[in-house]
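Right, one structure below, let's go through it.
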Amino acid sequence: MVVHPSHVPYHVSQQCRVFNCGDLNMAISSKGNVAVVRSYVAGATSLSERTSAMANISAFQALGFILGPGEVGVTFKAIDLQVNMYTAPSLMGALLGVVNIVLIFVIFREHRVDDHGRHLASINYDSEGMALTNDNEEPVDQIAVVSSNFLFFIILFIFAIFETISTPLTMDMYAWSRTQAVFYNGIILASIGVESIIVFIAVKIISKKTGERILLLGGLATIWVGFFILLPWGNRYPSIQWRDIQNTTNHNSTFLVSSLSTSGNQTVEPTGCPATQSWCFYTPIVHLAQYITSDILIGLGYPVCSVMCYTLYSKIIGPKPQGVYMGWITAAGSAARTLGPVFVSEIYTHLGPRWTFGMICGIVASSILHLLVVYKRLIAFSVRYGKIQQ
């Protein structure tokens, strides 16, 4: 049996506005693959190829924001299977997993190159059979490694908040139903996916002229502007969602009164900013133009930051095997995506968008300051030790 969102009990639906429990298992299982793939790409590309290769990987990841069925979907009665927006991600993930397994055995052939692009017979010897002992003895700049992990955590943390907050924010600000919020935000995320692909293609060209660090700085600045625009202003307030309150006619008429009503067996879903959130009474709405503009800017800044951070990280580590290091940065990203929804549920629900977006602006500003402090250390391993001129 498939339960429509409007028939879900209120206390459960409020939690589901913030958390998507089905995504958690998929995220956990996919992150291990991401670390391995990026580790391999780092070892199979030269420094000049690295940014382009990382951008290509990220572009294909962005396709996940674009593809997806509608809420009703299609039902296969013979096997009692319904494919819709709730079941399709798991089914598609399983199908693509099988396809990847076949491709690995049939097509994939592993190879490794050094930072100059010279082929290596193994991770320990170059093409002429000379041991790479010198590179392995020279230490990786651990401050740059930790800084990269910190920056990547912040980038994923704020994007996780952006993803998670879209549904409750639009339901509260614009009195959208759950179905409307999922539908409209789905369109917005799909558009951001298209934007991201364009950005990934663009950074492959721009990075050759500017370098990764300046693009990372510009991406963080763009994200900061995007969240700053989301700060509420003006004198228009959200419609209030009243529940189980019968005598509301004497309340301030500037608020839209929404009450739970029934017609036969049909339940009308209440809309508006819940009265249980005290900030709804005194916080101005985030105008739709603000929201759309912010989406565009964050959709521009996030892909730049993501691919530049991964690229810089792989270059900082250098010719050493990067599996463990990539595991660290992937773990940092997973922790960020775990804490993001918690941040939304606690800060947004209790304090509202003004505090939420104000704190995010502070977090992004601190990451920009941190980047400026360690800016000169975020250089490639081969450049640091004079093997390649930058």
Side-chain angles (χ1 to χ4, degrees), residues 5-6 8-20 157-182 184-185 188 223-260 268-295 297-298 339-366:
S6 62
V8 178
Y10 178 72
H11 68 281
V12 175
S13 65
Q14 285 294 95
Q15 295 174 2
C16 289
R17 297 169 71 201
V18 175
F19 295 100
N20 189 338
F157 179 73
I158 57 182
F159 190 73
I161 293 174
F162 170 72
E163 285 182 309
T164 308
I165 207 172
S166 60
T167 297
L169 178 68
T170 52
M171 290 175 67
D172 292 341
M173 295 293 107
Y174 317 124
W176 288 352
S177 66
R178 278 185 293 274
T179 301
Q180 288 176 313
V182 169
Y184 294 137
N185 283 302
I188 291 172
I223 291 175
W224 185 90
V225 173
F227 277 104
F228 182 80
I229 289 175
L230 279 176
L231 291 172
W233 58 275
N235 55 7
R236 182 183 172 188
Y237 297 89
S239 302
I240 302 299
Q241 175 194 132
W242 298 94
R243 298 188 60 87
D244 302 325
I245 298 178
Q246 301 299 326
N247 300 319
T248 59
T249 55
N250 294 328
H251 197 272
N252 193 327
S253 60
T254 59
F255 298 124
L256 176 64
V257 178
S258 300
S259 61
L260 184 65
V268 178
E269 179 186 354
T271 58
C273 198
T276 54
Q277 298 176 166
S278 60
W279 57 264
C280 294
F281 294 97
Y282 57 80
T283 303
I285 68 168
V286 176
H287 295 272
L288 187 59
Q290 288 178 262
Y291 181 64
I292 298 298
T293 303
S294 174
D295 288 341
L297 290 174
I298 295 173
L339 295 176
V342 176
F343 180 92
V344 172
S345 67
E346 295 299 323
I347 304 301
Y348 175 79
T349 302
H350 294 95
L351 300 178
R354 179 171 287 156
W355 275 93
T356 301
F357 300 134
M359 292 177 67
I360 294 174
C361 285
I363 292 172
V364 178
S366 67

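Computation of the quantities below employed the complete heavy-atom set of this structure, encompassing side-chain atoms and omitting hydrogens, waters and symmetry-equivalent molecules. Starting from 1, each residue takes its place in the sequence as its number.
- In this structure the side chain of Thr271 never reaches within 4.5 angstrom of the side chain of Met171, judged on heavy atoms.
- Taking the six-membered ring where the residue is Trp, His287 and Trp233 present tilted rings, their angle falling between 30° and 60°.
- Of the possible donor and acceptor atoms, one in the side chain of Trp279 sits under 3.5 Å from a partner among the backbone N and O of Thr349.
- With Ser294 contributing its side chain and Gly226 its backbone, the two residues share a donor-acceptor pair below 3.5 Å.
- One finds the CG atom of Leu297 at 11.5 Å from the CD1 atom of Ile292 (value rounded to the nearest 0.5 Å).
- Between the Gln290 side chain and the Leu231 main chain, a donor and an acceptor come within less than 3.5 Å of each other.
- Of all heavy-atom pairs between Phe357 and Leu230, the closest is CD1-O, 3.5 Å.
- Among all heavy-atom pairs drawn from Asn185 and Ser166, the shortest one is ND2-O, 3.4 Å.
- Annotation: the span from Trp355 atom CH2 to His350 atom NE2 amounts to 14.5 Å, rounded to 0.5 Å.
- Using cut-offs of 30° and 60° for the angle between ring planes, the Trp224 and Phe228 rings count as parallel.
- Taking every heavy atom of both residues into account, Ala160 and Gly340 meet most closely at CB-CA, 4.2 Å.
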Give the intermediate values and the outcome of side-chain contact (heavy atoms from CB on, under 4.5 Å) for residues Tyr174 and Leu288. CA-CA 8 Å; Tyr174 317 124; Leu288 187 59; 3.9 Å; yes

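- Residues Met173 and Val286 approach most closely at SD-N, 3.1 Å, considering heavy atoms.
- Inter-residue side-chain proximity for Tyr291 and Leu169 is flagged as met; some heavy-atom pair is nearer than 4.5 Å.
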Check against side-chain contact (heavy atoms from CB on, under 4.5 Å), Phe343 and Phe157: CA-CA 9 Å; Phe343 180 92; Phe157 179 73; 3.9 Å; yes

Candidate pair Tyr237 and Cys280, rule side-chain contact (heavy atoms from CB on, under 4.5 Å), full reasoning: CA-CA 8 Å; Tyr237 297 89; Cys280 294; over 6 Å; no

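- With rounding to the nearest 0.5 Å, the separation of OG1 in Thr167 from CD1 in Ile165 is 10.5 Å.
- Listed for the Gln241 side chain is no donor-acceptor partner under 3.5 Å among the backbone atoms of Cys273.
- Side chain of Thr164 to backbone of Ile161: no donor-acceptor contact under 3.5 angstrom is found.
- Taking CD1 of Ile223 as the start and CD1 of Ile363 as the end, the distance is 12.5 Å to the nearest 0.5 Å.
- Rounded to the nearest 0.5 Å, atoms OG1 (Thr356) and CD1 (Ile347) are 6.5 Å apart.
- Arg354 and Pro284 get closest at one heavy-atom pair: NH2-CD, 3.4 Å.
- Taking both residues in full, the closest heavy atoms of Trp176 and Ala181 are given as CE3-CA, 3.9 Å, listed atom of the first, atom of the second, then distance.
- Note: Phe227 and Phe162 have perpendicular aromatic rings, judged against thresholds of 30 and 60 degrees for the angle between ring planes.
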Applying side-chain contact (heavy atoms from CB on, under 4.5 Å), run through Val364 and Ile158 and close with a yes or a no. CA-CA 8 Å; Val364 178; Ile158 57 182; 3.9 Å; yes

